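Heads up, the thing below is written out as structure tokens.
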Amino acid sequence: MSATCKIAVDAPDMAICFAIRSEVFVKEQKVPIEIEFDDNDSDATHFLLRTNDGQPAGTARLRYADGRAKIERVAIR
């Protein structure tokens, strides 16, 4: 299976990223929603992974903190 990854820049793509995180972390792993979604979401770069047939498959966010890049919230359906 091949996939494409792009930066989520518009509201529809961001909604998909957040839906995947809700599905994986909140629903499946029982992470409290108030912990999963935080103030860092607004400062991060979000990525959306799609399968070769266009279906959303995963997400991650990239954030800079203390002079370092951090890859966070990696979720794959």
Side-chain angles (χ1 to χ4, degrees):
M1 176 175 85
S2 64
T4 58
C5 185
K6 72 172 201 166
I7 295 174
V9 294
D10 59 18
D13 283 348
M14 290 299 297
I16 294 168
C17 290
F18 290 166
I20 293 170
R21 284 172 50 189
S22 289
E23 178 184 327
V24 172
F25 295 123
V26 178
K27 186 177 179 185
E28 293 177 12
Q29 296 182 13
K30 309 293 187 227
V31 174
I33 196 165
E34 58 273 3
I35 293 173
E36 175 53 32
F37 297 98
D38 58 24
D39 294 336
N40 293 320
D41 280 320
S42 61
D43 297 326
T45 301
H46 297 266
F47 295 88
L48 177 58
L49 179 72
R50 290 184 181 271
T51 61
N52 58 351
D53 63 355
Q55 295 301 308
T59 188
R61 76 179 186 190
L62 174 67
R63 187 170 69 87
Y64 294 93
D66 301 322
R68 296 179 182 210
K70 296 178 77 176
I71 299 171
E72 305 173 323
R73 304 302 201 267
V74 178
I76 303 296
R77 284 186 164 151

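Basis for what follows: all heavy atoms, side chains included, without hydrogens, waters or symmetry-related copies. Source: prediction; values computed, not measured.
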Residue pairs involving residues 7-19 (criterion salt bridge (charged side-chain N to carboxylate O under 4.0 Å, His left out); sequence neighbours excluded): K6-D13, D13-R50
ring-ring contact (aromatic ring centres under 6.0 Å, His included) partners of residues 50-75, not counting sequence neighbours, each pair once: none
D38/R63 under salt bridge (charged side-chain N to carboxylate O under 4.0 Å, His left out): CA gap, chis, key distance, verdict: CA-CA 12 Å; D38 58 24; R63 187 170 69 87; over 6 Å; no
Atom pair CG (N52) and OG1 (T4), whose distance is rounded to the nearest 0.5 Å: 8.5 Å
4.5 Å side-chain heavy-atom contact, F47 and T45: yes
Side-chain donor or acceptor of D66 paired with backbone N/O of R68 under 3.5 Å: no
Spacing of I7 atom CD1 and L48 atom CG [to the nearest 0.5 Å]: 11.5 Å
CD1 (I71) with more than 12 external heavy atoms under 6.0 Å: no
Which pairs of donor and acceptor atoms, one on a side chain in residues 20-27, lie under 3.5 Å apart (sequence neighbours left out)?
unit_1: R21; atom_1: NE; unit_2: E36; atom_2: OE2; d: 2.6
unit_1: R21; atom_1: NH1; unit_2: D41; atom_2: OD1; d: 2.7
unit_1: R21; atom_1: NH2; unit_2: E36; atom_2: O; d: 2.8
unit_1: R21; atom_1: NH2; unit_2: E36; atom_2: OE2; d: 3.0
unit_1: R21; atom_1: NH2; unit_2: D41; atom_2: OD1; d: 3.3
unit_1: R21; atom_1: NH2; unit_2: D41; atom_2: OD2; d: 3.3
unit_1: S22; atom_1: OG; unit_2: F18; atom_2: O; d: 3.1
unit_1: E23; atom_1: OE1; unit_2: R77; atom_2: NE; d: 2.9
unit_1: E23; atom_1: OE1; unit_2: R77; atom_2: NH2; d: 3.3

Contact summary for G58 and I76, nearest pair of heavy atoms: CA-CD1, 3.9 Å
Partner set under side chain to side chain contact (heavy atoms under 4.5 Å, CB included) for A19, not counting sequence neighbours: none
Residues which pass side chain to side chain contact (heavy atoms under 4.5 Å, CB included) with Q55, listed by chain and number, not counting sequence neighbours: T51, D53
Common cluster, V74/V31, ILVMFWY with side-chain heavy-atom separation under 4.5 Å: no
Reported CD-to-CG distance for the pair E72 and N40, which is rounded to 0.5 angstrom: 6.5 Å
Partners passing salt bridge (Lys or Arg N to Asp or Glu O under 4.0 Å) against E28 (at least two apart in sequence or in another chain): none
